[in-house]
Amino acid sequence: MIEVREHEWPSTRAEAVAVQQRLRPLVRFDGQPAEVRTAAGLDVAYDESSDELVAAVAVLDVPALSVVDSATVRGRAEFPYAPGLFAFREAPPLLAALRQLSVVPDVLVCDGQGLAHPRRFGLACHLGVLTDLPAIGVGKTPMGRFDPPGQRRGDRSPIRMDGEEVGSALRTQHGVKPVLVSVGHRCTLDAACGLVLELAPRYRLPETTRTADHLVRTTR
DNA sequence: GCGACAG
DNA sequence: ATCTTGTCGC
């Protein structure tokens, strides 16, 4: 079973920023699994009220990409959405879903950013640190700047923020808009991109997030 | 002051 | 995130 690190959930934005700065040094870049046999996709969907939500985790076998475990949780958003503070809204229900898994995945594939974040501590870093599981972020909307990568599957270009490289714009399919990959915890950028390509043999997004996404919209 | 701003 | 028609392509 997944053990979640002792942590606190702030009620104001200023406190939330302080929590990020406190947890940021705990991000590690070593300790990757020798081989990824299972990968978890995580996603959250909201109802009309925008505070009632469904969180889901789907664990897929790698490289078969078959679903080996999953969990869903219904709940309420306790923190308003704010750019840079995304994790305080989505991490609580996602952690609740992760606790329900009977299979501990080798890596968490998060919907959003990892180090490609204003304080280098996006959702993927947050979930990675709190569970101490390897984690990566796969986003659809850029937070940093990058030159368009080549048009072929596998082509990538560095994402930069404040002059430093924080991730990769990765083309998962020919001529399709790239996804934004960044390290969350216990992993390298190269390994993260390699994994995303392995998880996205046919569509733009990894099968992990596609499965989790399908799960949250059929659970409402 | 103005624009930008993961999901 | 969510609100939504038609359209192009496999």
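Quick caveat: nothing in here was measured; it's all calculated off a predicted structure. Heavy-atom basis, side chains included; hydrogens, waters and symmetry copies ignored. Residue numbers begin at 1 in each chain, while the letters A, B, ... track the order of the sequences.
Distances were taken from every side-chain heavy atom of Glu48(A) (C-beta onward) to each of dA6(B), dA1(C), dC3(C); the shortest belongs to dC3(C). Ranking dT2(C), dG7(B), dA6(B) by closeness to the Arg217(A) side chain, first place goes to dT2(C).
Asp111(A) has its CG atom 7 Å from the C1' atom of dG7(B), to the nearest Å. Regarding Asp162(A), its CG atom lies at a distance of 13 Å from the C1' atom of dA4(B), rounded to whole Å. What separates NZ of Lys140(A) from C1' of dT2(C) is a distance of 13 Å, to the nearest Å. Going from atom CZ of Phe79(A) over to atom P of dA1(C) covers 20 Å, rounded to whole Å. Note: CD (Gln173(A)) to P (dG9(C)) measures 18 Å, nearest angstrom. To the nearest angstrom, P of dA1(C) lies 18 Å from CD of Glu52(A). Between the P atom of dA1(C) and the CZ atom of Arg89(A) lies a distance of 12 Å, rounded to the nearest Å. Taking atom CG of residue Leu85(A) and atom C1' of nucleotide dA1(C), one finds them 16 Å apart after rounding to whole Å.
Stacking is found between Tyr81(A) and the pyrimidine-like six-membered ring of the dG7(B) base under the 5.5 Å centre-distance and 30° plane-angle cut-offs.
Considering Gln113(A), Arg120(A), Met143(A) as possible partners of Val166(A), the one that fulfils the side-chain contact (heavy atoms from CB on, under 4.5 Å) test is Arg120(A). Among the candidates Val107(A), Asp106(A), Leu195(A), Val183(A), the single residue satisfying the side-chain contact (heavy atoms from CB on, under 4.5 Å) test with Pro134(A) is Val107(A).
Looking at every heavy atom in both residues, Asp30(A) comes nearest to Arg28(A) through OD1-NE, 3.3 Å. Considering all non-hydrogen atoms of both residues, Ala116(A) and Ser182(A) come closest at N-OG, 3.6 Å.
Across all strands, Gly137(A) comes closer than 4.0 Å to no nucleic acid atom at all (heavy-atom distances). Looking at heavy-atom distances under 4.0 Å, Ala45(A) makes contact with sugar-phosphate atoms alone, never a base. Residue-level contact check: Arg120(A) touches neither bases nor backbone, having no heavy atom under 4.0 Å from any strand. Among the heavy atoms of the strands lying under 4.0 Å from Gly122(A) is at least one base atom, whether or not backbone atoms are also near. Residue Gln113(A) is in base contact, counting any heavy-atom pair closer than 4.0 Å across all strands shown. At the heavy-atom level, Phe86(A) lies under 4.0 Å from base atoms of the strands shown. Among the atoms of the strands shown, base atoms are found under 4.0 Å from some heavy atom of Leu123(A). Within 4.0 Å (heavy atoms only), Leu42(A) reaches no atom of the nucleic acid at all.
Taking only side-chain nitrogens and oxygens, Arg220(A) comes nearer than 4.0 Å to OP1 or OP2 of dT2(C). Residue Thr141(A) places at least one side-chain N or O closer than 4.0 Å to OP1 or OP2 of dG7(B).
When the side chains of ILVMFWY residues are joined at heavy-atom separations under 4.5 Å, either directly or via intervening members, Phe121(A) and Leu189(A) end up in a single hydrophobic cluster. Under the 4.5 Å side-chain heavy-atom criterion for Ile, Leu, Val, Met, Phe, Trp and Tyr, Phe79(A) and Val73(A) are members of distinct hydrophobic clusters.
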